[in-house]
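Everything on this sheet refers to the single structure shown next.
As a basis for the values below, the full set of heavy atoms in this structure was taken, side chains included, without hydrogen atoms, waters or symmetry mates.
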Amino acid sequence: MTRRTFLAVLLIAYIVFLLDIALFRFPTAHPTPNYIPFRSMIRDWSLGGWPFVINFVGNVVAFVPTGLLSPFIRKRPTKLWHVLVFSLSLSLLIEGGQLISGRRVPDVDDLILNTLGGFLGYLVSLRVKA
């Protein structure tokens, strides 16, 4: 198995793990979607503690692998916008699934934080490749 194949399998397994956590685990009773950017980030920032860690840090860290691994999987050079589109698309899939299922809270802030995580992963990949 080549390194590229191994990393692709690893990324796919990680995406399946993310989908499982985000769509099927920890259901919320009567979830209310947040369509207003930065609302939950500001709330969690002001509360601090676990709400901040789980929402803010958790969403960023959860998407670092998408930005970190994808440049090592693609045969062609990976540009920042490729990672941003990939991270945002995966996040949209998750948030859309949460909205449709009604089991979790869809939040526009998650789109922002997840895409930021992909961005940070991409920056790490540039350092690793150098």
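At least one donor-acceptor pair closer than 3.5 Å links the side chain of N114 to the backbone N or O of D110. Here the side chain of R103 pairs no donor or acceptor atom with the backbone of T28 at under 3.5 angstrom. No donor-acceptor pair closer than 3.5 Å links the side chain of T5 to the backbone N or O of M1.
Within the 4.5 Å cutoff, the side chain of R4 has heavy atoms near those of the K75 side chain. Put simply, the side chain of S70 does not reach to within 4.5 Å of the side chain of H82, judged on heavy atoms. Side-chain contact between V128 and V124: present, with at least one pair of heavy atoms (C-beta onward) separated by less than 4.5 Å. Using a 4.5 Å heavy-atom cutoff, the side chains of L84 and F119 are in contact.
Atom CZ of F72 and atom CZ of R3 lie 6.5 Å apart (nearest 0.5 Å). To the nearest 0.5 Å, atom CZ of residue F17 and atom CZ of residue R25 are 9.0 Å apart. Here the CH2 atom belonging to W45 is positioned 6.0 Å from the CZ atom belonging to F56, to the nearest 0.5 angstrom. For the atom pair E95 CD and L88 CG, the distance stands at 10.5 Å (nearest 0.5 Å). Taking CG from N59 and CG from L113, the interatomic distance works out to 5.5 Å, rounded to the nearest 0.5 Å.
Summarising the geometry of Q98 relative to L23, their closest heavy-atom pair is N-CD2, 3.5 Å, with the distance given to 0.1 Å. Of all heavy-atom pairs spanning L99 and P33, the tightest one is CD1-CG, 3.9 Å. In terms of heavy-atom proximity, A22 sits nearest to I94 at CB-CG2, 3.3 Å. Scanning all heavy atoms of the two residues, the minimum distance from V105 to P31 falls at CG2-CB, 3.6 Å. Of all heavy-atom pairs between S91 and L111, the closest is OG-CD2, 3.2 Å. The minimum heavy-atom distance between L90 and F63, with the atom names listed, is CD2-CE2, 3.7 Å.
Remark: A62 engages Y14, L18 in a side chain to side chain contact (heavy atoms under 4.5 Å, CB included) (not counting sequence neighbours).
Following chains of ILVMFWY side-chain contacts shorter than 4.5 Å, one can reach V53 starting from V61, so the two form part of one hydrophobic cluster. Hydrophobic clustering, with ILVMFWY side chains joined whenever heavy atoms are under 4.5 angstrom apart, groups I54 together with F38.
Of the N and O atoms on the side chains of T66 and S87, at least one donor lies less than 3.5 Å from an acceptor on the other residue.
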For this session: Step by step, work out the salt bridge (Lys or Arg N to Asp or Glu O under 4.0 Å) result for R39 and D109.
Result: CA-CA 7 Å; R39 174 190 274 175; D109 290 349; over 6 Å; no
